[in-house]
Amino acid sequence: MTSLVAELSRLAGQAFAAEGLSDNFGLVQVSDRPDLAQYQCNGALAAAKAAKTSPRAIAEKIAARLRAKAYSARWRSPGRGFSIST
């Protein structure tokens with residue numbers, strides 16, 4: 001059985017790949033700020049450097065792709081990265 005973190009990472013990685021970026025940017029971890037979200041993905045900052053664009057622009061595109069798939073988790077982009085609340 002796949003862990004939830006591994007499955008969320010897979011989904012986020014697919015979203016990064018769909019934007020022409022490495023799926024490695026989709027690594028999800030337990031949130032450093034549980035008051036904001038249960039899980040987080042910090043790949044938007046590194047992806048933005050690689051793509052020479054703003055982290056917010058990357059995060060919004062990735063979060064929109066994930067929301068469009070209608071997964072049960074709430075994907076949001078509160079700032080430079082995006083967080084995941086289940």
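Residues take their numbers from the sequence shown, with the count starting at 1.
- Rounded to the nearest 0.5 Å, atoms OG (Ser9) and CD (Gln14) are 11.5 Å apart.
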Review item, side-chain donor-acceptor pairs of residues 17-29, under 3.5 Å, at least two apart:
{"unit_1": "Glu19", "atom_1": "OE2", "unit_2": "Arg65", "atom_2": "NE", "d": "2.6"}
{"unit_1": "Glu19", "atom_1": "OE2", "unit_2": "Arg65", "atom_2": "NH2", "d": "3.3"}
{"unit_1": "Ser22", "atom_1": "OG", "unit_2": "Asn24", "atom_2": "N", "d": "3.1"}
{"unit_1": "Ser22", "atom_1": "OG", "unit_2": "Asn24", "atom_2": "ND2", "d": "3.4"}

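- Side-chain contact between Cys41 and Phe16: present, with at least one pair of heavy atoms (C-beta onward) separated by less than 4.5 Å.
- Residues passing the side chain to side chain donor-acceptor pair (under 3.5 Å) test with Ser31, sequence neighbours excluded: Gln40.
- The two residues Ile58 and Ala51 come nearest to each other via the heavy atoms CD1-CB, 4.3 Å.
- In plain terms, the two heavy atoms of Pro55 and Ala44 that are nearest each other are O-CB, 3.7 Å.
- To the nearest 0.5 angstrom, Arg67 atom CZ is 8.5 Å from Glu60 atom CD.
- Rounding to the nearest 0.5 Å gives a distance of 9.5 Å between CG of Leu8 and CD of Gln38.
- The salt bridge (charged side-chain N to carboxylate O under 4.0 Å, His left out) analysis of residues 39-52, with sequence neighbours excluded, yields no pairs.
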